[in-house]
Trainee: 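Dropping the structure in here first, questions after.
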Amino acid sequence: MSETKRLELWRARMSEDLDRVMQFWRQHSLDKEYGGFFTCLSLDGAVYDDLKYIWLQGRQVWMYCRLYRTVPRFHKPEILNDAVAGGKFLLAHARPSAHSLKCAFVVTRDGRAVKVQRTIFSECFFVMAMDELWRTTQEERYKKEAQNMMDQIVHWVRVDPSGLGRPDLPGADPVNNMATPMMLLNLVEQLSEDNKEAEQKYEELERWSVERILQHLQRDGKAILENVSDNGQELPGCSGRHQNPGHAIEAGWFLLRHAMKHSDSELIQTAVEKFILLPFLSGWDQEYGGLFSFQDVDGHCPTQLEWSMKLWWPHSEALIAFLLGYQETKDPRLLENFQKVFDYVFSRFTDLEHGEWFGYLNREGKVALTIKGGPFKGCFHVPRCLYMCEEILSRLLKEEKD
């Protein structure tokens, strides 16, 4: 099969599946009575719990707006209307009270706070939703909400974390968890798109985020560790040995996009070799296929009970990372690995009958949970992957024609 034919087949499959996935969410998730979205959806889309998770609300608003704004076939008023309804729910209910700076993690169907986490991630996806709503509607109130929350997040991370509600305990030394600089780098990219003022404002934060991510490259460049000390040293115990292949690969394509934007050839190489290929090769299950959820760098059994499960989102991130890396470097290894992940994903995760992907497979690759959404899986990783892959494949095919 010719290279062009293979790219065309991949693009067609990504496009078809994106349409199918979005149809699933649009058909089943909108709460027409209270606003916002249901994300706890069963095999066929039936709601099995009406709790609403704020970070998933933000992700879904972002996804709807991004598709509406950038993909012509999704430029439909009903999609924008659903996104705006989700945004209104966030503005009304994301914060537990009018005086609260933090967002809730989960709220009731009608928006009453149930739980607040001592992290920044509900807030991060609130920022993404608001910024994308502003770009889509041009309503300044959304832009202001995004900027104000971003300033608060940066304050918590870099100035004073006490507002997160974490007690200062004597045995808990400061930790650089990769998720935090990853999210900040992602937010900087979001806010800086076609916005010179934001680009200048967050220039130093962008550099800081990249430096903090790179601290996770440990053991003489042979491992990406999820947690390191605040000054970039390996930590003792299970936490220090913890590896998350999917997270490392996602960080890889975040770094790669940053490096491409700044024409940083050294960082492009580091992103591809160390943050994409290295964790993929060590994280791929040689016996059954698929990416392990968690690993121990020294080969001990990970303490997480689901360590051997194959989850939807690491495979989504790998598809994006390999295509983006190939677009930039034309390294054939990346396309070969994309094919490996593609074959695994479309033979195990996809549900052609009901739509969307199964999220949770056992080690052997069989469906462990039939749910399509829950507290952690919503309308985000799968459609973002399909949308980005379709976009990259279109660019690659255009390059071949030109």
Side-chain angles (χ1 to χ4, degrees), residues 1-19 21 70-71 217 221-222 224 244-261 263-292 310-350 357 361 365 381-402:
M1 183 184 298
S2 70
E3 191 67 21
T4 300
K5 187 65 175 176
R6 190 158 61 143
L7 295 175
E8 287 175 344
L9 288 173
W10 285 338
R11 185 178 64 175
R13 189 64 188 271
M14 294 294 181
S15 300
E16 291 167 5
D17 211 44
L18 177 58
D19 292 348
V21 166
T70 64
V71 182
L217 179 57
K222 296 178 181 178
I224 305 295
N244 184 327
H247 231 183
I249 292 168
E250 185 178 20
W253 72 258
F254 284 9
L255 288 173
L256 183 55
R257 278 168 67 112
H258 168 84
M260 291 163 62
K261 173 185 171 184
S263 301
D264 187 336
S265 58
E266 183 178 350
L267 185 57
I268 287 172
Q269 183 177 8
T270 298
V272 170
E273 296 291 340
K274 301 300 184 180
F275 281 83
I276 296 174
L277 283 171
L278 179 66
F280 178 78
L281 294 174
S282 65
W284 188 260
D285 186 344
Q286 297 299 326
E287 185 175 357
Y288 294 105
L291 282 164
F292 287 118
K310 313 296 167 59
L311 306 187
W312 80 104
W313 69 267
H315 298 80
S316 300
E317 303 309 315
L319 289 171
I320 296 170
F322 286 132
L323 268 192
L324 187 66
Y326 179 76
Q327 176 192 313
E328 180 63 21
T329 68
K330 299 302 185 289
D331 184 336
R333 295 177 299 166
L334 301 176
L335 218 54
E336 290 167 10
N337 286 320
F338 175 84
Q339 178 78 71
K340 180 185 288 188
V341 181
F342 180 92
D343 291 343
Y344 185 88
V345 162
F346 283 94
S347 63
R348 291 170 174 82
F349 281 108
T350 53
W357 292 12
L361 311 181
H381 284 99
V382 173
R384 180 178 70 168
C385 164
L386 298 168
Y387 149 71
M388 289 185 65
C389 288
E390 179 185 335
E391 185 178 61
I392 296 167
L393 287 163
S394 294
R395 288 197 209 108
L396 290 171
L397 286 164
K398 186 175 186 301
E399 286 176 12
E400 289 204 353
K401 289 179 182 178
D402 294 344

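Here the structure is a predicted model, which means the values were calculated and not measured.
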Trainee: Closest heavy-atom contact between S282 and P279?
Mentor: OG-O, 3.4 Å
Trainee: Within the 4.5 Å heavy-atom criterion, are L334 and L323 side-chain neighbours or not?
Mentor: no
Trainee: Taking the ring of F338 and the ring of W10, is the distance between their centroids below 6.0 Å?
Mentor: yes
Trainee: Using 0.5 Å steps for rounding, measure from the CG atom of L324 to the CD1 atom of I392.
Mentor: 4.5 Å
Trainee: Kindly give the heavy-atom pair with the smallest separation between K330 and Q327, and that separation in Å.
Mentor: NZ-O, 2.7 Å
Trainee: Of all the heavy-atom pairs spanning P314 and G246, show the shortest one and how long it is.
Mentor: CB-CA, 3.6 Å
Trainee: Partners of R348 by side-chain contact (heavy atoms from CB on, under 4.5 Å), sequence neighbours excluded?
Mentor: Y344, L361
Trainee: Between L255 and T270, is the side-chain contact (heavy atoms from CB on, under 4.5 Å) condition met? List the steps.
Mentor: CA-CA 9 Å; L255 288 173; T270 298; 5.7 Å; no
Trainee: Go through the structure and list residues passing side-chain contact (heavy atoms from CB on, under 4.5 Å) with A318, not counting sequence neighbours.
Mentor: I249, L291, F322, V341
Trainee: To the nearest 0.5 angstrom, please state how far the OG1 atom of T350 sits from the CD atom of E16.
Mentor: 11.5 Å
Trainee: Shortest non-hydrogen contact from L18 to P383?
Mentor: CD1-O, 3.7 Å
Trainee: Between W357 and D17, do the side chains contain an N or O donor and an N or O acceptor separated by less than 3.5 Å?
Mentor: yes
Trainee: For the atom pair CE (M14) and CG (L9), what is the distance rounded to the nearest 0.5 Å?
Mentor: 12.0 Å
Trainee: Taking only residues two or more places apart in sequence, or in another chain, which ones meet H247 in a ring-ring contact (aromatic ring centres under 6.0 Å, His included)?
Mentor: W313
Trainee: Before you tell me yes or no, could you show the steps for E8 and R11 under salt bridge (Lys or Arg N to Asp or Glu O under 4.0 Å), namely the whole-Å CA-CA distance, both residues' side-chain angles and the distance that decides it to 0.1 Å?
Mentor: CA-CA 5 Å; E8 287 175 344; R11 185 178 64 175; 5.6 Å; no
Trainee: Does anything in residues 249-258 pair up under salt bridge (Lys or Arg N to Asp or Glu O under 4.0 Å), and if so which pairs, sequence neighbours excluded?
Mentor: E189-R257, E250-R384
Trainee: Ignoring hydrogens and geometry, is there a side-chain-to-backbone donor-acceptor pair from H315 to L311 under 3.5 Å?
Mentor: yes
Trainee: For G283 and P245, work out which heavy atoms get closest and say how close.
Mentor: CA-CG, 4.0 Å
Trainee: Rounded to the nearest 0.5 Å, how far apart are CH2 of W253 and CD1 of I320?
Mentor: 4.5 Å
Trainee: So, are R395 and E391 salt-bridged, with charged N and O less than 4.0 Å apart?
Mentor: yes
Trainee: What is the distance from atom OG of S15 to atom CG of L386, rounded to the nearest 0.5 Å?
Mentor: 9.0 Å
Trainee: Can you name the closest pair of heavy atoms from I268 and E328 and give their distance?
Mentor: CD1-OE2, 3.5 Å
Trainee: Working to the nearest 0.5 Å, report the span between CD1 of I276 and CD of E317.
Mentor: 10.5 Å
Trainee: Under a 4.0 Å threshold between the charged nitrogen and the carboxylate oxygen, would R13 count as salt-bridged to E390?
Mentor: no
Trainee: Using the salt bridge (Lys or Arg N to Asp or Glu O under 4.0 Å) rule, collect all pairs that involve residues 265-290, keeping only residues at least two apart or in two chains.
Mentor: E273-R333, D285-K310, D285-R363, E287-R363
Trainee: Going by side-chain contact (heavy atoms from CB on, under 4.5 Å), name the residues that satisfy it together with A251, two or more places apart in sequence or in a different chain.
Mentor: M178, M182, I213, F275
Trainee: Contact between M388 and L319 at the side-chain level, heavy atoms closer than 4.5 Å - yes or no?
Mentor: no
